[in-house]
Amino acid sequence: MTQQSDEKKASENQEQDILSSPLGRRAFLSGFGLGAGITAASFIVFGATQNKTTLTGISPVSSLGETPVNGFPQPETIANGTPQSPAQLRVAQENINILGTNPRTELTRCFNGDVPGPTFRLQAGERVNIKLVNALPKNTTGTTDGTCPGTMDRPRCFNTTNLHFHGFHVSPMSIAPGGTIVSGGKNDEVEKSSDDVLYELEPSTTGGSTEHPYCVYLPTDHAPGTHWYHPHLHGSTAIQVVDGMAGALVIEDPPEDKIDVDQDLLWIIQEIIGNSDEDVYTCGGTSREFTVNGQSQPTLTIKPQELCRFRFINATATPRGFMTLKIQKCNSAECDINDVSDDSPWEDVVSNVDFTSGVFQIAVDGISHYQQPPTPMSSMLLSPANRADFLVKLEEGKYRVFKDTFPGVGATTQQTLASINVTGTPVSSPKDIPPTIPGDFPDYLKPFDTPNPEPAKTISFDRAGPSCFNKPPETVIPRKFEVDNKVYDPEPPNETVQNVDINTDEVWELTNTTGAAHPFHIHVNPFKVIECNGCTDEVDPTIWWDTFYIPPKNGQTNGSIKIRHRFNNYPGKFVFHCHVLIHEDLGMMQNVNVKGTGLAPCQPSGGETFTWNPESPSANA
Ligand SMILES: [Cu+2]
């Protein structure tokens, strides 16, 4: 290794290891303990932004959802709207009270005055009708007139927003006034949008609010499962997601495939950082205790043998959000919930292979393991944006949901996310965990019936410039995150884009030339991971993902994965990117053009089609 590459490696480690240094880690963890454990250092970590001014005149609202289950918070569920009367998601800046073990208040941009945002429970074949209202103040970062300019390698437009329906197999396009099908545009240039993240809803420059309707038509054969929505305005995605702008999208099982459970519970994991600015993008910038459903270490109380479905959503945006998620039991008379020592009496739950008790995975990224037995598993790698569903049936005792470190990601922290008390009289006639998961793959998720071809595309994930982002005014060249050594460019002539044909499938090889892991996420169509170089665990090639981490470079060897995916049903333009959203905002994103004829936006299955040809992007067929 040359001296130069040694230095590069050292700086990449520095980028990752701020929180894993002995002082940093101890300080971070001690902040969760009882008073005696709190040191001066912990206040430096947690108090980093406490001197900032906060808005006055806004009374704090509770982040506790409206439908707690035995004291365990659940986000409010709101009904889908109609085209004439859409459900409303109103984005404004509010003080949020985070309740629970370590209460705090955060000034955040949020949906409908709450964090997380409301839950939508939907059916396949349904048209999702949402009006997004932007009541944020006008932009001030990098602009003098409140509009949203900026370059694609810097944080920008913190008060411009939009919506992404993460995990949905739907059209990525919009409709302009007059009916032309388009990708992107600002405010009233676009009449309504499906899952178009290139659309930008700027705030009002004269006070008041702006608004935009979404019409997201789920196909009749959409797989039921756990997904989520969040803003996706390139340059402010990370800051808005750490603010707390995220909510659950649950597509319900059809009645014949529904697993009968006693409790169906969302677990939305967030690191809510309010009143933030470019700090979010710096190395070792502001960090916070992670929450579940907007609470610090909430407690779920259930009965022995009660059957629960847990739907975990990793709604985080920074490298700290990588986690090994564990459900652990206290195997001692007494356990300290925050004990992270090697000889801790907390041990991963042991699952019985006869399904009488334990923790069993049934779905990943919103797609069930159809016709397979539920997988005994009480520990799972979860990258930012991943979801995982489990059937859980526990014996009497004390349990915790623990966020452990992620292999190869130095920035990840250890923390207890929640407690589970299993107590009381066991349920008299317990519900059964099914021996196989009911339902079947729809056509767009059927197994591939040909051998894996050679990669059609090889795409690298790269970093340029210094190891840390520097807040303006910058005195050094900026840190950039890139794909194929280029920062994201949304428009021709230098558009960064991959072109594919509709209703084809391809293998892509994704390489990581950096010392940090990058969770690859692509919109509209999920993928299978058919090969991984650098993964610590074997990857099941039958599982569909919409987000999977590309392992970091190890020595001189790049990390890499090979994925295979289809581009079914929906022509148009969408994106793939790193779901460490601070990397996305600093440039690690590209467009995808799916060329050909297929379903138009806001159309039901079998409805009107259009042809997308990037040489004439406004042409309707
Ligand atoms: Cu990344």
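Position 1 is the first residue of the sequence, and the numbers go up from there. First listed ligand is number 1; within each ligand, the first listed atom is number 1.
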Whether Asn314 side chain and Thr316 backbone form a donor-acceptor pair below 3.5 Å: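 Looks like yes, one N/O pair under 3.5 Å.
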Distance, nearest 0.5 Å, that separates NZ of Lys186 from CD of Glu200: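 Taking NZ in Lys186 and CD in Glu200, the distance rounds to 5.0 Å.
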Chi angles and distances behind the ring pair (Phe, Tyr, Trp, His ring centres under 6.0 Å) call for His521, His164: CA-CA 12 Å; His521 169 55; His164 172 44; 5.6 Å; yes
Atoms (protein N, O or S; no water) under 2.8 Å from the Cu ion (ligand 1):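 That number is 3, waters not included.
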Asn512-Thr514 side chain donor-acceptor pair, cut-off 3.5 Å: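 Looking only at side-chain atoms, Thr514 and Asn512 do form a donor-acceptor pair, the distance falling under 3.5 Å.
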Parallel, tilted or perpendicular, as decided by the 30° and 60° cut-offs, for the rings of Phe548 and Trp545: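 Rings of Trp545 and Phe548: perpendicular, as their planes differ by over 60°.
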NZ (Lys486) with more than 12 external heavy atoms under 6.0 Å: no
